[in-house]
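Presented below is the structure to which this report refers.
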Amino acid sequence: MSLSKNNEINLEDFRVVRSKNVYSKVFTGRDRGKFVREQSRLDEVDGQYETVKIIIPKDIRSINPSFFEEMFVNVVKRHGKDEFLRRYQFESLGDYNYDRPLSEAIERILRTNTAIG
């Protein structure tokens, strides 16, 4: 799987099917974040586009910081917070507010990067 429309990654494409026509309403865990990063080829397409849109499905109830942390670890380290937020534009099709978990993930990535580097 790759970017759905040139510079868009629609998280709908990565939802887990719970049962017939019932999809999970959460994105959680480092393993899932890594899976989405790898399957969307996020690291490969970073830099090919001025901006990349991340689309969050309308009925999502939760995205935990560890999911975002693993999904965006390489691009946040590469660009830093401000440039990452300029390049990666988020659109929630519903009413899920992703700001807090995304901010927490970015802070964790940068704190880890600073401690190591």
Does the distance from a Lys or Arg side-chain N to an Asp or Glu carboxylate O, for [X] and [Y], drop under 4.0 Å?
X	Y	result
E107	K81	yes
E69	R108	yes
R100	E104	no
E50	R86	yes
R15	D59	yes

Is any side-chain heavy atom of [X] less than 4.5 Å from a side-chain heavy atom of [Y]?
X	Y	value
I56	E12	no
V76	F68	no
N64	F27	no
L11	P57	yes
H79	D46	yes
R37	V73	yes
L42	F72	yes
R78	V75	yes

Rounded distance [0.5 Å steps], [atom1] in [X] versus [atom2] in [Y]:
X	Y	atom1	atom2	answer
F84	L102	CZ	CG	5.5 Å
E70	R30	CD	CZ	6.0 Å
D31	S66	CG	OG	9.0 Å
R32	Q39	CZ	CD	9.0 Å
Q89	E8	CD	CD	10.5 Å
S62	F67	OG	CZ	11.0 Å

Hey, does the side chain of [X] reach the backbone of [Y] with a donor-acceptor pair shorter than 3.5 angstrom?
X	Y	value
R87	V52	no
N7	T51	yes
Y96	I63	yes

Original post:
Quick one: do I106 and F90 end up in the same hydrophobic cluster if we chain Ile, Leu, Val, Met, Phe, Trp and Tyr together by side-chain heavy atoms under 4.5 Å apart?
Top reply: yes
Subject >> Crowding at CG, D99 (>12 non-hydrogen neighbours, <6.0 Å) >> reply: yes
Original post:
Which pair of heavy atoms, one from P65 and one from A105, lies closest together, and at what distance?
Top reply: O-CB, 3.4 Å
Subject >> F35 and F14 aromatic ring geometry - parallel, tilted or perpendicular at 30°/60° bounds >> reply: perpendicular
